Amino acid sequence: MKKANLKVYNTLSREKEKFVPVHPGRVGIYVCGPTVYYHSHLGHAKSYITFDVVVRYLRWLGYKVKYVQNITDVGHLLDTGEDRILTEATKEKLDPMEIAEKYTRSYFEDMDALNVKRPNISPHATGHIMEQIELTKILLDKGYAYESEGSVYFDISKFSNYGKLSRRKLEDQLPGARIEVKSEKKHPADFALWIKAPKEHLMKWKSPWGIGYPGWHIECSTMSMKYLGETLDIHGGGMENAFPHHECEIAQSEAATGKQFVKYWMHHNMVLVNGVKMSKSLGNFVTIKDALKKYSGEQIRFFVLTTHYRSPLDFSDKVLKGAGEGIKGIHITFKRVTELAQTAKNGKLDSKMNKVFETYKQKFIKAMDDDFNTPVAISVLFDFGREVNNYLDKNIQVSKQTLQTIYNFYSPFAGDILGILPFSKQPIIEGTPFIEFLIELRSKLRSLKQWDLADEIRLKLKNLGIILEDKTNKTNWRIG
RNA sequence: GGCGGCGUAGCCAAGUGGUAAGGCAGAGGUCUGCAAAACCUUUAUUCGUCGGUUCAAUUCCGACCGCCGCCUCCA
């Protein structure tokens, strides 16, 4: 266990707090997962990359982390009154569960492409209907809920702490600001724990209150507490979910257990596209799969991490291109180090380089300790890279030990924690022998000072996406 | 109407009560046959606007302007 100086911004207190988990050395974290009714979009990318780095850093610090992220495969209502999964099922002429399965796979595919590590547990809402019914029963027994026309609602008036996360007062809200209030509720803000299913509803289950399906908020309370205990260390999600979703989770959970539900609430900001909210109706909805057609996984991941998680992220071609140039610089330096290491000889570790290593290591940790400040952590990577290049430019014979030390910076920090070292499957260049033949030929032309022909070869290769770099004794090539 | 986030160079983006990290783009230079890569130099007297507190504010307070989110579901 490393010395922990981590501070986490807690939405509950609106302050950065020292991170102290409930059980020493162990962290239980729950993050709101996707509703699997369509391909994931850039908003999901920001969310899951954010918490992926949180988990990776906690693990690097030495915590044993249990990361739980739900898969919402029970559809919830659209403003049209339709259910998202059902709508898509009808459109694609598939069973709702086929839709859920299809997009669950799509989701994991996308996360893999972005180097997001899988959660330890990905519980499905439909697999925990019994538990959700049980929790609803407990709330009814304790008097926090009431049944009305086949549905069960949480009685907000019984839970005095309602609003403590979002700091909203019920009387300030505009009931029915955007949707008509159901008359079967005692108070407009009462929310459903169990909903009576209309006849045509496809996803429905038996319950003590008749045929129906669970309310939106109850699955998170149920599954998080089932796998992480009654008090979670961290609960993460998007800011747009702080109210009402997270507020309702707190109400349900704390009413049922009498204990604090979550110690640290973490909320990330939104994704914009060219400064505008991303939405299907505006036609600027970008799926991760679409983005991956234009940009590498590394590039997207790097781009997400160059902005702090609590700041909005504005996606545009211009900025993605810039991010691509930035990550390229880091990769080239890293490659330079690993290539040199292959032929380097044993020797002493250069104390100067070791000092550089220590200095930047401390800076990196300091940045991450400050509420996971990845933009600063990345800037440390750039500063370190400059030191490394400078050093490598000035020293011809660098020992294996020194190069190993440099590697020991990149590997845990850029690699294990930020996850931005090269990870995509590199395309297999079938023409490698031909490329190398051309380079050999070009070298001969160069030794004969036949610059025009040599340059023509270089230009043609460049047009094919192969960049040549002439070094003192040899020519290196890479995919540009 | 209420709750919350944001506004820093051409673009992206950190940050702090004591005088503005880093990246991309641009300019100049070193290296190179020329490139590429790398390195060096350079690019905000200024941090939405107007007031206030202070010896000192971009950083604290107040007002205002603008953008975004939430008060149905949405990462």
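Note that this is a predicted model, so its numbers are computed, not measured. In what follows, chains are A, B, ... by sequence order, proteins preceding strands, each numbered from 1.
- One finds a side-chain N or O of A:N389 lying less than 4.0 angstrom from the OP1 or OP2 phosphate oxygen of B:C39.
- With B:G33, B:C70, B:A38 as the candidates, the nucleotide lying closest to the side chain of A:D393 is B:A38.
- Here, B:C6 and B:C31 have their C1' atoms 44 Å apart, quoted to the whole Å.
- B:G17 sits 8 Å from B:C60 when the C1' atoms are compared, rounded to a whole Å.
- Atom CD of A:E88 is separated from atom C1' of B:C73 by 15 Å (rounded to the nearest Å).
- Counting only heavy atoms from C-beta on, A:I467 has its side chain closest to B:A36 among B:A36, B:A14, B:C39.
- With P as the reference atom, B:A75 and B:G69 are 15 Å apart, rounded to whole Å.
- Rounding to whole angstrom units, CD of residue A:E339 and P of B:A38 are separated by 14 Å.
- Taking a 6.0 Å sphere around CG of A:L448, one finds it holds more than 12 heavy atoms contributed by other residues, nucleotides or ligands.
- Between the P atom of B:A75 and the NE2 atom of A:H246 lies a distance of 11 Å, rounded to the nearest Å.
- Checking the phosphate oxygens (OP1, OP2) of B:A75, a side-chain nitrogen or oxygen of A:T35 falls inside 4.0 Å.
- Comparing B:G5, B:G10, B:A35 against the side chain of A:K318 picks out B:G10 as the nearest.
- Side-chain atoms of A:H41 and base atoms of B:A75 include a donor and an acceptor less than 3.5 Å apart.
- Taking only side-chain nitrogens and oxygens, A:N373 comes nearer than 4.0 Å to OP1 or OP2 of B:G15.
- When heavy atoms are screened at a 4.0 angstrom cut-off, A:T50 is found touching no nucleic acid atom at all.
- As judged by a 4.0 angstrom heavy-atom cut-off over every strand, A:G322 is placed among residues touching the sugar-phosphate backbone only.
- Base engagement by A:D455 is indicated by at least one non-hydrogen atom pair under 4.0 Å involving a base atom.
- For B:C70, its base sits under 3.5 Å from the side chain of A:R168 at one donor and acceptor pair at least.
- Taking atom P on both B:C70 and B:G10, the two are 31 Å apart, rounded to the nearest angstrom.
- Put simply, A:F382 does not rest on the base of B:G23: the two rings are not both less than 5.5 Å apart at their centres and under 30° in tilt.
- Here the separation of B:G51 from B:U59, taken at their P atoms, is 14 Å to the nearest Å.
- A pairwise comparison of heavy atoms in A:F261 and A:S221 identifies CZ-CA, 4.3 Å as the closest pair.
- Residue A:N476 places none of its side-chain N or O atoms closer than 4.0 Å to OP1 or OP2 of B:A37.
- No side-chain donor-acceptor contact under 3.5 Å links A:S253 to the backbone of A:I250.
- Side-chain atoms of A:M270 lie closest to B:A75 of the nucleotides B:A38, B:U72, B:A75.
- The ring-ring contact (aromatic ring centres under 6.0 Å, His included) test with A:F191 singles out one residue from A:F154, A:F159, A:F243, and that residue is A:F154.
- Each of B:A21, B:U72, B:C12 was ranked by its minimum atom distance to the side chain of A:V319; first place goes to B:C12.
- Judged by distance alone with a 3.5 Å cut-off, no donor-acceptor contact links the side chain of A:R167 to the base of B:G4.
- The aromatic rings of A:Y38 and A:F285 are tilted relative to each other, their planes meeting at an angle between 30° and 60°.
- One can place CZ of A:F364 at 17 Å from P of B:G22, the figure rounded to the nearest angstrom.
- Of all nucleotides present, only B:C68 satisfies the Watson-Crick or G-U wobble test against B:G4, with each distance under 3.5 Å.
- Nearer to the 5' terminus of RNA chain B, by closest-nucleotide assignment, is the contact made by A:T306 (compared with the other of A:T306 and A:G43).
- Exactly one of A:M239, A:H217, A:H267 qualifies for a side-chain contact (heavy atoms from CB on, under 4.5 Å) with A:H246. That residue is A:H267.
- With a cut-off of 3.5 Å on both pairing distances, the Watson-Crick or G-U wobble partner of B:C24 is B:G10.
- If you check every strand for non-hydrogen atoms under 4.0 Å, A:Y48 touches sugar and phosphate atoms only.
- Nucleic acid contact for A:H245: none, since no nucleic acid atom lies under 4.0 Å from a heavy atom of the residue.
- Using cut-offs of 30° and 60° for the angle between ring planes, the A:H201 and A:Y213 rings count as parallel.
- With both ends at atom C1', the span from B:U58 to B:U49 equals 14 Å, rounded to whole Å.
- If you measure from atom CH2 of A:W451 to atom P of B:A35, you get 13 Å, rounded to the nearest angstrom.
- In this structure, A:S379 reaches the bases: a heavy-atom distance under 4.0 Å links it to at least one base atom across the strands shown.
- A:D314 comes within 4.0 angstrom of nothing in the nucleic acid, heavy atoms only.
- Using a 4.0 Å heavy-atom cutoff across all strands shown, A:N241 reaches sugar-phosphate atoms only and no base atom.
- With a cut-off of 3.5 Å on both pairing distances, B:C73 has no Watson-Crick or G-U wobble partner at all.
- Of the nucleotides present, B:U30 is the one that pairs with B:A38 by Watson-Crick or G-U wobble criteria, both distances under 3.5 Å.
- For B:A57 and B:U8, the C1' atoms lie 14 Å apart once the distance is rounded to whole Å.
- For A:T475 and B:A35, the shortest distance from a side-chain N or O to OP1 or OP2 is not below 4.0 Å.
- Listed nucleotides: B:A75, B:A37, B:G33. Nearest to the side chain of A:E469: B:A37.
- Looking at which nucleotide of RNA chain B each of A:D452 and A:M239 is closest to, the 5′-most match is held by A:M239.
- Taking the six-membered ring where tryptophan is involved, the planes of A:Y57 and A:F372 are perpendicular, since the angle between them exceeds 60° and thus also 30°.
- Residue A:R458 is in base contact, counting any heavy-atom pair closer than 4.0 Å across all strands shown.
- Atom CZ in A:R310 sits roughly 13 Å away from atom C1' in B:A14 (whole-Å rounding).
- Note: CG (A:N10) to C1' (B:G4) measures 15 Å, nearest angstrom.
- Using N1 to N3 plus N6-O4 or O6-N4 for Watson-Crick, or N1-O2 and O6-N3 for G-U wobble, each under 3.5 Å, B:C60 pairs with B:G52.
- Base engagement by A:V271 is indicated by at least one non-hydrogen atom pair under 4.0 Å involving a base atom.
- Residue-level contact check: A:I332 touches the backbone only, with heavy atoms under 4.0 Å from sugar-phosphate atoms and none from bases.
- Residue A:L313 forms a side-chain contact (heavy atoms from CB on, under 4.5 Å) with just one option from A:V304, A:L305, A:V319, A:L272, and that option is A:V304.
- Checked against B:A37, B:G5, B:G33, the side chain of A:R478 finds its nearest nucleotide in B:A37.
- Comparing B:A21 with B:A63, their P atoms are spaced 32 Å from each other, to the whole Å.
- Ring geometry for A:F384 versus A:F409: interplanar angle under 30°, hence parallel rather than tilted (30 to 60°).
- OP1 or OP2 of B:G23 sits under 4.0 Å from a side-chain N or O of A:R386.
- Partner assigned to B:U46 is none, using Watson-Crick or G-U wobble distances below 3.5 angstrom.
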